[in-house]
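Working notes, beginning with the structure itself.
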Number of protein chains: 2
Amino acid sequence: MNENTCMGSVCAECSFRSSIFSILNDEQLDQLTINKTFNFAKKNEAIAKQGNPVKGAIFLRVGLAKLTRVNSVGREQIIGIATPNDFVGLLSIFSSKNYNYNIIAIEDCQYCCVDYTFVMDLINANSNFAMTLLEKISQVSDLMMGTRLNLEMRQLRGRVAFILSYLSKEIYKSAKFNLPISRREIAELVDMRVENVVRILSEFRRDNIIRIEGASIEIVEPEKLEWIKMHG
Amino acid sequence: MNENTCMGSVCAECSFRSSIFSILNDEQLDQLTINKTFNFAKKNEAIAKQGNPVKGAIFLRVGLAKLTRVNSVGREQIIGIATPNDFVGLLSIFSSKNYNYNIIAIEDCQYCCVDYTFVMDLINANSNFAMTLLEKISQVSDLMMGTRLNLEMRQLRGRVAFILSYLSKEIYKSAKFNLPISRREIAELVDMRVENVVRILSEFRRDNIIRIEGASIEIVEPEKLEWIKMHG
DNA sequence: TCAACGTATTGTTATTTATCAGTTTTGTTT
DNA sequence: AAACAAAACTGATAAATAACAATACGTTGA
């Protein structure tokens, strides 16, 4: 049977199950099965919308999703990219009744949504679960924060190098990959103008640091890219 | 007796006690008294250092402190400012064995440090405590993240307006206050150059938006400042 | 009190980035 | 296949920011 299917919706048998739930006992896993929904989102479809009430914890199984928000000037800003096995919007559950950003599929996605009150029940019933959740949340926000802080101090060339490196190392774990996002989305992600994204990508290609063929990007000289990433 | 003293170190009687601990029972509060230390930090003194092991949860009672880190280019970057009643470094406790930033007093500070293992014990013993902690952590990181994201999209004038407004509204709750940080620190906080901080402050003064007398700053036209903060 | 140092300030210039305008390419719909 | 729209790209120019240089100011310590 296909690894990509949710096996009869039984969480205990799920190959995607988040490490957070490794702590649960059999009974709790059965409960999880009941209290979660399994969903699909087509590319560009919203998984969650800024301002909408939080229904539960969203666990991304397959596909990439972007976290975005509309800033005060009305410009779309991408906060980060969620990858398979990520709990997205974990912070929102506890800090607010509503999502404070959008979660939008940038590839076809599969995700589970674990009911809000069930999560709360688990916290009460299982202090280990609470602890694991605390760790997870802290790590995720530390990581996000670190990424944003790193981006802030770079100039454009460094930012583009940063996300190319990020996609290659963190997301695809390969020097060659299909760029999942448009130039405009890169611009929104690192807070710059589309024209400059294009220009700098062309520059990297001209300098033989990367190779571009359609949507495919290959990082030819990772060391050079790392240098630019570090030194601007 | 002075509100600023730690009354015989008995947490149950402490007027500064964090809302997090409102959930504890008397016995747990007694335990808290034993498992915390009360400390002072002079201006510019480090309360915690990047890379050092996390000893516990730091609760700021009196004074302001800055959270800083050294970025990859070796430049000091200020992540945020902690105000009285803040738990600083709450994230670090759960995400890492070491602090990933410095906590440095920008005024004379008083703070309590609650032992790491005691916090863990509390989480195990009291699921309400765990829940409150989850909420607190989420709110803090949401807030921080929001602030950084807001800063990213502004240009220099907007960023300076942003922190002036922040100091006035969030920290001093007054139109007139003594600037607690130097021009260089403002620059580090909003990621710009000292010269530009100076220039823009002078510009604001020239335009009669603010008044500067030594370290004292008065916001004369809050509406104009807000406009600049929003529209760059 | 002077020397030394860090901070604040101002002016000038170089560099970086945004904006505008237009063309080409690519993908989608009919 | 044609028509259209969105995305990718390129060049020219304007605006914003950084970098450099020099001076003033204030504090600290000898």
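Everything numeric in this text was worked out from a predicted model, so none of it was measured. Throughout, protein chains are lettered first and strands after them, A, B, ... in sequence-line order, and every chain is numbered starting at 1.
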Take the angle between the ring planes of A:Tyr166 and A:Phe162 and call it parallel below 30°, perpendicular above 60°, tilted in between.
parallel
Taking only Lys NZ, Arg NE, NH1 and NH2, and the carboxylate oxygens of Asp or Glu, determine whether B:Lys136 and B:Asp86 approach each other closer than 4.0 Å.
no
Could you check whether atom CD of B:Glu213 has more than 12 heavy atoms from other residues, nucleotides or ligands sitting under 6.0 Å from it?
no
Between C1' of C:dT17 and CZ of A:Arg157, the distance in whole Å
10 Å
Nucleotide range of DNA chain D contacted by chain B, 5' to 3', under 4.0 Å to a heavy atom?
D:dA16 to D:dC20
Spacing of B:Met192 atom CE relative to C:dA8 atom P, expressed in whole Å
13 Å
Rounded to whole Å, please give me the gap between CZ in B:Arg183 and C1' in C:dT10.
14 Å
To the nearest angstrom, how far is B:Glu188 atom CD from C:dA8 atom P?
11 Å
Between B:Glu203 (CD) and C:dG11 (P), how many Å, whole number?
13 Å
May I ask you to decide if A:Leu143's main-chain N or O and A:Thr147's side chain share a donor-acceptor pair within less than 3.5 Å?
yes
For C:dT10 and B:Ser202 - does any side-chain N or O of the residue sit under 4.0 Å from the phosphate oxygens OP1/OP2?
yes
In terms of the nearest nucleotide of DNA chain C, which residue is placed more toward the 5' end: A:Leu156 or B:Glu185?
B:Glu185
For a quick check under 3.5 Å, do B:Thr68 and B:Glu76 share a side-chain donor-acceptor pair by atom type?
yes
B/S/- contact track for nucleotides 19-30 of chain C, protein heavy atom under 4.0 Å
BB----------
Residue whose closest nucleotide on DNA chain D lies nearer the 5' end, A:Leu201 versus A:Gln155
A:Leu201
Relative to the ring of B:Phe59, is the ring of B:Phe87 parallel (under 30°), tilted (30 to 60°) or perpendicular (over 60°)?
tilted
Determine, for A:Glu226 against A:Lys229, whether the closest basic-nitrogen to carboxylate-oxygen distance falls under 4.0 angstrom.
yes
I'd like to know if B:Glu188 and B:Arg75 make a salt bridge, using a cut-off of under 4.0 Å between side-chain N and carboxylate O.
no
Using 4.0 Å as the upper bound for N to carboxylate O, is an ion pair formed by B:Lys43 and B:Asp108?
no
What's the CG-C1' distance between A:Asp191 and C:dA18, to the nearest Å?
12 Å
